[in-house]
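These notes concern the structure reproduced below.
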There are 2 protein chains.
Amino acid sequence: MMKDEVVTTMSNRYQAEVGKSRPTMRHVAALAGVGIKTVSRVMNNEPGVSEATRLRVVGASQQLNYQLDMAAGSLRRSGRQTLSVGLLLPSVSNPFSSEIHRAMEDALSVRGIAVFAASLDDDPEREKALVAAFLGRRVDGLVLTPIARSQAYVIPEHSRDLPTVFIDREPVGVEADAVVTDNAAGAAKAAAHLISRGHRKLAYLGDRTDIQTARERRRGFLESLAAAGIATSAVPIREGLHDEESARQATRGLLGSDDPPTAIFSSQNLVTFGAMRGLKELNANKRIALVGFDDFALADMMDPGITVVAQHPERIGKLAAERILARIDGDQSAPQTYVVPSELIVRGSGELAPPGLPAPHL
Amino acid sequence: MMKDEVVTTMSNRYQAEVGKSRPTMRHVAALAGVGIKTVSRVMNNEPGVSEATRLRVVGASQQLNYQLDMAAGSLRRSGRQTLSVGLLLPSVSNPFSSEIHRAMEDALSVRGIAVFAASLDDDPEREKALVAAFLGRRVDGLVLTPIARSQAYVIPEHSRDLPTVFIDREPVGVEADAVVTDNAAGAAKAAAHLISRGHRKLAYLGDRTDIQTARERRRGFLESLAAAGIATSAVPIREGLHDEESARQATRGLLGSDDPPTAIFSSQNLVTFGAMRGLKELNANKRIALVGFDDFALADMMDPGITVVAQHPERIGKLAAERILARIDGDQSAPQTYVVPSELIVRGSGELAPPGLPAPHL
DNA sequence: ATGATGGCTGACAACGTTGTCATGACTACA
DNA sequence: TGTAGTCATGACAACGTTGTCAGCCATCAT
């Protein structure tokens, strides 16, 4: 009958190329002796295909190792989804970032959404270029750690209803969801903790001031001192520290000064590492109190253990993923900033007493 | 004149939708008063467009915030590239993996290639599913950390000339490029180092034996002992350790045994952490020598510093990226395995002498 | 027997882009 | 003045898929 004839002819024409170019629905349809639309229905689990036909199509597709082309599909149902989102991080190899990445992946993969991740390296130019690259790939959503002074450049996309969530830092110049740590409150918590242990001479080691979170942490730190009646004008502030080495030197500088602090607050991971090194080199690690912002692996194995204000990257990532999904699903509510509370983790370094005070008992 | 008329008419038809659906080349063409193919030429920097026209098109595209749709483009020039690769890692939040990820991103981004990264969690089912997801997105290449017993399932794709590179572990059942650490040699180096310090009673703490690298490391370790004339049958081997806690307990078990070792080799990051904890709890960290496989942050800040056999994830990532690029560019040479040498980093814990021997001087 | 119903199925257009090719305008040179 | 050559440009088809719609067949109530 007709059908068989078609199958034979077509299979000759198409099947010859097996193993060479990638098979398309046409190949599968030809091999199964059905129309291409029927293949589409089967591949997308649409109803309205008889079981017998379905089996034939499934068999043919397996035989050819056929794989649906998502790009072609999402082109046709235009305006529809590519099941991918773009994720912009300071660096994919930064532990804090990669925890966020992981949490997002977990939340998104259950919906079959893949993640494009890219590293910014604190370069505002890269920020724009990478966003453009994501847009060119027609991602369904954008999750960004902003660096540039303003994120107004995403406005056209955002107003086109491209779901956008900012993480870690709040955006400037756009109205969009954001998921952030309570930076100021966390830093304030650290300061209050040190003050409660009797410290009056605190120092601040901070990151580059063009980073919003760094400014927030400084603000929280200083406000906490002021609230305790400590003159903030005399507090040594060392900023612009962006790596271990500069933080190490700043720490040594602080301790070598006329009126050295008895406690240090370091506002970021690498800065904390540098401070730890500086203190250890001067044999001051068991004498000068230290509280760092950001938790890190093995902090409890240090001597003493390092007291930190921990962020919760996994919660930030999960929340960001939930927001993106909600927006993708059509949530039109007003943009909102979600704050993930930080947490003080006591391990020893932050409980060292200032000289002249008795050792604390926990 | 004619052209102006066209501009006006078309712009009414298309420009009305600005801010709503995404503009296409047709919109830009209409606004610029040119044909759509001319827009294509301008957007792709193809020659053969007069400067005046080019400027008009560029202006129109900026006004509309037009973004080339890569998916549509790569659909048309079928068989051509999507400028994306899939990267399968144990977990994107694992430091070793994320270093690889970062190195690959750096090498690939200069070519405009974006990276889909996904986490396997040691689940062979996920491995297949994620590869399928990448294929559905028509990635130009695949970089995989295999887990499943066999990777034969990628054969159809690989034989279709889809560039594939395996990292960290060599593939089974496929002929493809691989980039790996010299696991056995590295472990042998660690053992030899401990032996050279006078140790004869060594113990091995290893990961799950279904992981190829774990088996390689054990092999290298044991061969090194045998070469030194140490009876390997009596060496305590604790395997199947996949997290800190199990490694900690195994360490405590070893030290509590009748004939405790004087030195420990831990074959992986988390296992090293567990061993460190176990030793510290028993106050043995300055007595029992320890060499770990895999370097980690702050290893030098431990007491004593932790001697490790460091892998070089950045080199692995870079090399893998280079191989993928070469294959994408048409390299048809026979698949090859590239070995990235590991490196012993001496920090103290591996130089602790066994009891009865004088303290070493470095 | 008749018409209506409903289940399967495939032809066709369209998604946004680019390769191919034809066209028309202009230049250069005989 | 004619002819070949160059250059800029756009019409058109096609990439692989899916939404729409129409057609076919069997079933069922009248």
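Letters go in sequence order (proteins before strands), and every chain restarts at 1. Basis for what follows: all heavy atoms, side chains included, without hydrogens, waters or symmetry-related copies.
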On DNA chain C, more 5' by nearest nucleotide between B:Met70 and A:Ile36 is A:Ile36

Look at all strands and tell whether [X] reaches a base, only sugar-phosphate, or nothing, counting heavy atoms closer than 4.0 Å.
X	answer
A:Thr53	sugar-phosphate
A:Glu46	sugar-phosphate
B:Gly73	sugar-phosphate

Side chain of [X], heavy atoms from C-beta onward: which of [options] has the nearest atom to it?
X	options	result
A:Arg41	C:dG10, C:dT18, C:dG16	C:dG10
A:Val49	D:dT17, D:dG10, C:dT9	C:dT9
A:Lys37	D:dA11, D:dT17, C:dG10	C:dG10
B:Arg76	C:dT17, C:dG10, D:dT9	C:dT17
B:Met25	C:dT18, D:dG10, C:dG10	C:dT18
A:Arg26	C:dT18, D:dC15, C:dG16	D:dC15

Result for 5'-nearest mapping on DNA chain D, choosing between A:Asn44 and B:Val39, is B:Val39

By nearest nucleotide on DNA chain D, pick out whichever of B:Gly48 and B:Arg138 is the more 5' one.
-> B:Gly48

Is the charged tip of A:Arg137 near the ring of A:Phe116: under 6.0 Å from the six-membered ring centre and within 45° of its axis?
-> yes

May I ask you to say whether [X] pairs ionically with [Y], meaning some side-chain N is under 4.0 Å from a carboxylate O?
X	Y	value
A:Asp329	A:Arg111	yes
A:Arg323	A:Asp331	yes
B:Arg126	A:Glu105	yes

Atom CD1 in B:Ile113, atom CD in B:Gln81: separation rounded to 0.5 Å?
-> 6.5 Å

Should B:Ser50 be listed as having a side-chain N or O under 4.0 Å from OP1 or OP2 of D:dA8?
-> no

Residue-phosphate contact under 4.0 Å: B:Ser40 side-chain N/O, C:dT17 OP1/OP2 = no

